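For reference, the structure discussed in these notes is given below.
Scope of the values below: all heavy atoms of this structure, side chains included, with no hydrogens, waters or symmetry mates. Here is the naming used below: chain letters follow the sequence lines, and residue numbers restart at 1 for every chain. Nothing here was measured: the structure is a model prediction, and the numbers come from that model.
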2 protein chains.
Amino acid sequence: MSVNLEVVQEVSDFNGYYTGLVELLNRHISESSISLSALRVLVKVRQEEEITAGKLVETLGIDGGYLSRMLKAFEGNHLVSKRKSTADGRTWFLQLTAKGKKLLESLEEQSNAQIKELLSPLADDQQKGLAAAMKTIRHILSEESQLSTSDITFRRQLLPGDAGYLIYLHGSLFAKEAGFNLAFETSVCKAFYEFLETYNASKDQVFLALHGTQIIGSIVVSAFSRYVVQIRWYLVHPDFRQMGLGKKLLNEALDFCREKGFQKVYLMTTSKQEVATNLFKKTGFRKTGEKQLSMYGQQLFEERYDMDL
Amino acid sequence: MSVNLEVVQEVSDFNGYYTGLVELLNRHISESSISLSALRVLVKVRQEEEITAGKLVETLGIDGGYLSRMLKAFEGNHLVSKRKSTADGRTWFLQLTAKGKKLLESLEEQSNAQIKELLSPLADDQQKGLAAAMKTIRHILSEESQLSTSDITFRRQLLPGDAGYLIYLHGSLFAKEAGFNLAFETSVCKAFYEFLETYNASKDQVFLALHGTQIIGSIVVSAFSRYVVQIRWYLVHPDFRQMGLGKKLLNEALDFCREKGFQKVYLMTTSKQEVATNLFKKTGFRKTGEKQLSMYGQQLFEERYDMDL
DNA sequence: ATACATAGTTGCTTTTATCAAATGTATTTT
DNA sequence: AAAATACATTTGATAAAAGCAACTATGTAT
């Protein structure tokens, strides 16, 4: 994969900037008679069950001899205790003592106090923006993008800005993934306008998946008649796919439809949306119509799917 | 200002995460016979003009004696040179020699190589997302938000997603700042739909201010007739205000109108937009009408401003 | 002129970290 | 089963990094 030079520059700049900040945030450590390496060891020991010295050397990239002395000191201070492995007489399992845990907690409290000081001059939404940006960085860099369910929340309410953001997502994603032009965004815009004008929270229901405060997935149930509903604006942001989010949104929407006593559900899509249509078919939808069109700058089939609830 | 505990948690987590990453990115330094502190000193000396040892002690939180020895070593290696202050015989101004600059550059190159390796498994838009998030963090935390012109770019083209994002910005910002309800976003949505439907790049012109790839300011010139244009969707994101961005966008738009030979320009706004209306007046607009309305969940005056070009 | 403050240096010490050899425990080979 | 080898950890010796306190030299205030 090619690397964008501007990105390298930004990462480098950020690195320089944040290194200074880390220094600031970790300064309290130097005043607490514990070295940064020692702290890393303690944190790792707390984090991992049944960790051995060798494992620490491996994961923390620390010298074995140095670690051995550190651990001896920790034992002397009753911060860490050792338990001999029954399977292998050479190794010892390490764990924090109550005192060790308490020490870590107090250090974290100090660190948090410093963070609070750093944050205090910031307005509330700046703080949230900061947290979201940090979450994004961790998310992108943590190889497996394994934030999964824990960092994703759901919302069933339509708040100001949501409609626009959904139009934005549709416009930009479909342009990128299906090659649709501005005409597509125009039609989404029109449809949203009409939806909003007659929006009725008791009949129409949105289901939004959020990462922080940002929408990353959506599905909307919109009443067509007393017994028929349409499913619209079904979408998951590419960074958050393959996590079962799409299936979850779809199921929630269908559950809602059943709950409300609707009997038929349909949706419109295009032949370009293969992944979605496969999921529709698997869920019980059947293709009930298609029409070849030249629109959105593409040759495509507009398809209709129906299902009895 | 109150501090959100979730934000503190995220900053703390991020800090822990990034400390590990910094470790990784700076590992090459340990192989280059220069300590991290030494590197920080060199970077600071390059960054600052006329820096003194005392200043370094203060800003880097480093011990004076240690620094003194380091500087002596740097002088011995011809990486840094001293120049006696004429005003104060006790102090010396430090600067990098050509050799010092070269060393830093080569270290940065190594660091960049490591960054490239880190980035290489990421898809292009993930890389961009990463850079944007980092930029955001620096922007929020750098007290003066002094990125100003350097990190903000402009675009005059309307790309897919832009319309939706502008609707989103209008919907969310006006809800927050003026208390407008969903009806406002609905009307923006309608207006955008109509605009897009008849969009003609030779008559209608958008001016977008961007931070990374994200829109942070906008103004749109939309032809009303052969001689009359309307200015619409004028907005600057709160994080980027007070930087002259609004004035710049407005002036660019008006210049464009004059260039294209339009003779009259008007715009609609509400009594809630005080900052904007003040700027309009200062630019030469005159209020030509107002109407008290109950809309968007508010009691407000809809105002019209006109100007001859 | 004297006392005090400031900028930077030097001597001494502690802390942090590394390398290599040693110890004791498993595992494999013969 | 004994010897050889591998592995997990410890110990000894040493070096580099960092800190403290006393000191020199220059500047400022009374």
Q: Return the 5'-most residue of the pair B/Trp92, A/Ala87 with respect to DNA chain C, ranking by each residue's nearest nucleotide.
A: B/Trp92

Q: Would you kindly compare A/Gly89 and A/Asp63 by the position of their nearest DNA chain C nucleotide and give the one closer to the 5′ end?
A: A/Asp63

Taking [atom1] from [X] and [atom2] from [N], how many angstroms apart are they, rounded to a whole number?
X: A/Leu60; N: C/dT18; atom1: CG; atom2: P; answer: 12 Å
X: B/Leu94; N: C/dG8; atom1: CG; atom2: C1'; answer: 11 Å
X: B/Leu67; N: D/dA17; atom1: CG; atom2: C1'; answer: 13 Å
X: A/Ile51; N: D/dT9; atom1: CD1; atom2: C1'; answer: 15 Å
X: B/Glu58; N: C/dA7; atom1: CD; atom2: C1'; answer: 12 Å
X: A/Lys55; N: D/dC7; atom1: NZ; atom2: C1'; answer: 14 Å
X: A/Asp88; N: C/dA26; atom1: CG; atom2: C1'; answer: 6 Å
X: A/Lys72; N: C/dT16; atom1: NZ; atom2: C1'; answer: 16 Å

Q: Just say parallel, tilted or perpendicular for the rings of B/His211 and B/Phe240, cut-offs at 30° and 60°.
A: tilted

**Q.** Contacts of type side chain to side chain donor-acceptor pair (under 3.5 Å), residue A/Gln95, not counting sequence neighbours
**A.** A/Ser81

(Q) Heavy atoms within less than 4.0 Å of DNA chain D: which residues of residues 38-45 of chain B have one? Give them sorted by number. (A) none

Q.
Just verifying a value: how many Å separate A/Leu21 CG and A/Phe14 CZ, rounded to the nearest 0.5 Å?
A.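 Reported value, rounded in 0.5 Å steps: 8.5 Å.
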
(Q) Counting distance alone, no hydrogens or angles: does the base of C/dT18 have a donor or acceptor under 3.5 Å from a partner atom on the side chain of A/Arg69? (A)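 Looking at the base of C/dT18, it does pair with a donor or acceptor on the side chain of A/Arg69 (distance under 3.5 Å).
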
